[in-house]
Amino acid sequence: MSATAERAVQATDVILRDGSTLRLRAPAAEDADALLEFFANLSEHSRYLRFHGFPALGPKLVEPLVEPDWEERGALLGSLDGRIVAVANWVRLRDPRAAEVAFAVGDDVQRRGIGTRLLEQLAARAAGAGIEEFVAEVLHENNTMLHVFRNAGFAVTRAGEGGELEIRLAIAPTDAYRDHVAERDHVAVTASLEPFFRPRSVAVVGASKRRGSIGGELFRNILAGDFAGSVYPVNRKGDSVAGVHGHGAVGEIEEAVDLAVICLPGELVLDAAEEALAGRGPRARRHLGGLRRNGQRGHGAAGAPARARP
């Protein structure tokens, strides 16, 4: 495998404009059944727009997508919480500088910027293989895809009338394109931090009913403050704290938790953070009690945000 191909197959996490994280990676052979399921779950209209018709939903449909060589063809699938929600691919044309490109995004996750992020990453990998131009055959009624191409920031030319349009995108990154990407990044990162700085629900892990404990006092301070959302005490026994029903783990909380504040001995923090992120807490703040890099406990207090991975 070439160095270009090795870089292309590496998984990448990108932030969408609503703050959620999309995992992008090359489809492997074992993804064939999941890709078929993805296409089967598209609405008939979305399948029609993607394939310009209604193809048979069988193995041959996804064969061109799996195990891309990144020389003659490339492909990326996008997943949210482990579920495939999008796929895009390119195939080199007779002109070796050009490649035909196609996209499909699940009906329930459209208009979140997934197609644009796919296009960004696919174009970067195609450019590494010597592709200079993407060519897309788009039905005139496919306004969503036309919007993606028009607003990505690439130089676009459009030809054709009637039912089908030929869209050509020069994928070499220009200053204008970089400005578009930077603006999308700014919007996405800002949205991703919203639950951290303005949480609607907070879990205090290590909130003890014992007065004077760090977790217990922090929990009581939140109750006494102006926080307008929900706050939950979490401790090993699930004890109530200050009259509020307790939970043994963040995953036991029915409401989605925006922020987890962890007040535990240093050696327990990482496991607690993993549990919080795997449960219902997309953000975690660690009050490490002076946790040093060597794992020893100190006497100070420190905090740092941790992002969940999909």
Interatomic distance, CG@L264 vs CD1@I214, rounded to 0.5 Å, equals 10.0 Å
Please determine whether the number of non-hydrogen atoms from other residues, nucleotides or ligands lying under 6.0 Å from atom CD of E141 exceeds 12. yes
Worked check of side-chain contact (heavy atoms from CB on, under 4.5 Å) between N143 and H147: CA-CA 6 Å; N143 293 318; H147 176 82; over 6 Å; no
Under a single-linkage definition using a 4.5 Å side-chain heavy-atom cutoff for Ile, Leu, Val, Met, Phe, Trp and Tyr, are L65 and V91 assigned to the same hydrophobic cluster? no
Could you tell me whether a side-chain N or O of D31 sits under 3.5 Å from a main-chain N or O of A28, the two making a donor and an acceptor? yes
Connected via hydrophobic side-chain network under 4.5 Å: L77 and V105: no
Does a donor on one side chain sit under 3.5 Å from an acceptor on the other, for S20 and R112? yes
Has R17 got a side-chain atom pairing as donor or acceptor with R111's backbone, closer than 3.5 angstrom? yes
Side chains of Q121 and R117: do they bring a donor and an acceptor to under 3.5 Å? no
Which heavy-atom pair separates W70 from A26 by the least distance, and what is that distance? CZ2-CB, 4.0 Å
Lys/Arg N to Asp/Glu carboxylate O, R211 vs E217, below 4.0 Å: yes
Which pair of non-hydrogen atoms, one from V135 and one from A98, has the smallest distance, and what is that distance? CG2-CB, 4.4 Å
Look at the side chain of R73 and the backbone N and O of E67, then say whether any donor-acceptor pair between them is shorter than 3.5 Å. yes
Do L146 and L165 have side-chain heavy atoms sitting under 4.5 Å apart? yes
List the steps and the verdict of side-chain contact (heavy atoms from CB on, under 4.5 Å) for V234 and E275. CA-CA 12 Å; V234 177; E275 190 278 330; 5.9 Å; no
H186 and T190: side-chain contact (heavy atoms from CB on, under 4.5 Å), yes or no, with the steps? CA-CA 6 Å; H186 176 75; T190 299; 3.9 Å; yes
Is there a donor-acceptor pair closer than 3.5 Å between any side-chain N or O of T174 and the backbone N or O of Y177? yes
Side-chain contact test, heavy atoms from C-beta onward, threshold under 4.5 Å: evaluate it for V181 versus E120 and give yes or no. yes
Are the side chain of R47 and the backbone N or O of L42 linked by a donor-acceptor pair below 3.5 Å? yes
From L169 atom CG to I131 atom CD1, the distance as rounded to the nearest 0.5 Å: 13.0 Å
For residues R50 and A102, report the shortest heavy-atom separation together with the two atoms involved. CZ-CB, 3.5 Å
For A88, give me all partners under side chain to side chain contact (heavy atoms under 4.5 Å, CB included), at least two apart in sequence or on another chain. F103, L118, L122
Would the distance check show the side chain of N235 and the main-chain N or O of S208 forming a donor-acceptor pair, the cut-off being under 3.5 Å? no
Do L218 and C263 have side chains that approach each other closer than 4.5 Å (heavy atoms only, starting at C-beta)? yes
Consider only side-chain heavy atoms of I, L, V, M, F, W and Y, link residues closer than 4.5 Å, and tell whether V62 and L76 are in one cluster. no
Which atom names give the shortest non-hydrogen contact between A242 and L223, and what distance separates them? CB-CD1, 3.8 Å
Verify the neighbour count for atom CZ of R236: are there more than 12 heavy atoms of other residues, nucleotides or ligands below 6.0 Å? no
Do T116 and N151 have side chains that get closer than 4.5 Å, going by heavy atoms? no
When rounded to the nearest 0.5 angstrom, what distance separates CD1 in I222 from CZ in R220? 12.0 Å
I114 vs L80 side-chain heavy atoms within contact, under 4.5 Å: yes
Spatial distance of atom CD (E37) from atom CG (D33) [nearest 0.5 Å]: 9.0 Å
CD (E30) with more than 12 external heavy atoms under 6.0 Å: yes
Please tell me whether V231 and F196 are part of a single hydrophobic cluster in this structure, the criterion being side-chain heavy atoms less than 4.5 Å apart. yes
Does the salt bridge (charged side-chain N to carboxylate O under 4.0 Å, His left out) test come out yes or no for D81 and R23, once each step is laid out? CA-CA 9 Å; D81 298 323; R23 167 62 58 90; over 6 Å; no
I would like to know whether V244 and Y232 meet side-chain contact (heavy atoms from CB on, under 4.5 Å); could you show each step before the answer? CA-CA 7 Å; V244 179; Y232 302 95; 5.7 Å; no
Just grab all the ring-ring contact (aromatic ring centres under 6.0 Å, His included) pairs involving residues 14-45, residues at least two apart or on different chains. F39-F51
Pairwise side-chain contact, R83 with N41, heavy-atom cut-off 4.5 Å (strictly under): no
With heavy-atom distances below 4.5 Å as the criterion, would you say the side chains of I167 and F134 are in contact? no
Could you grab the distance from atom CG of L24 to atom OG of S79, nearest 0.5 Å is fine? 7.5 Å
Will you find, in the side chains of E164 and H52, an N or O donor that is under 3.5 Å from an N or O acceptor? yes
Membership question, hydrophobic clusters at under 4.5 Å side-chain separation (ILVMFWY): are V148 and V109 in the same one? yes
Taken to the nearest 0.5 Å, the spacing of T157 OG1 from E166 CD works out to 7.5 Å
Contact check, side chains of D258 and S201, non-hydrogen atoms, under 4.5 Å: yes
Look only at the side chain of R92 and the backbone of E71, and say whether a donor-acceptor pair between them is shorter than 3.5 Å. yes
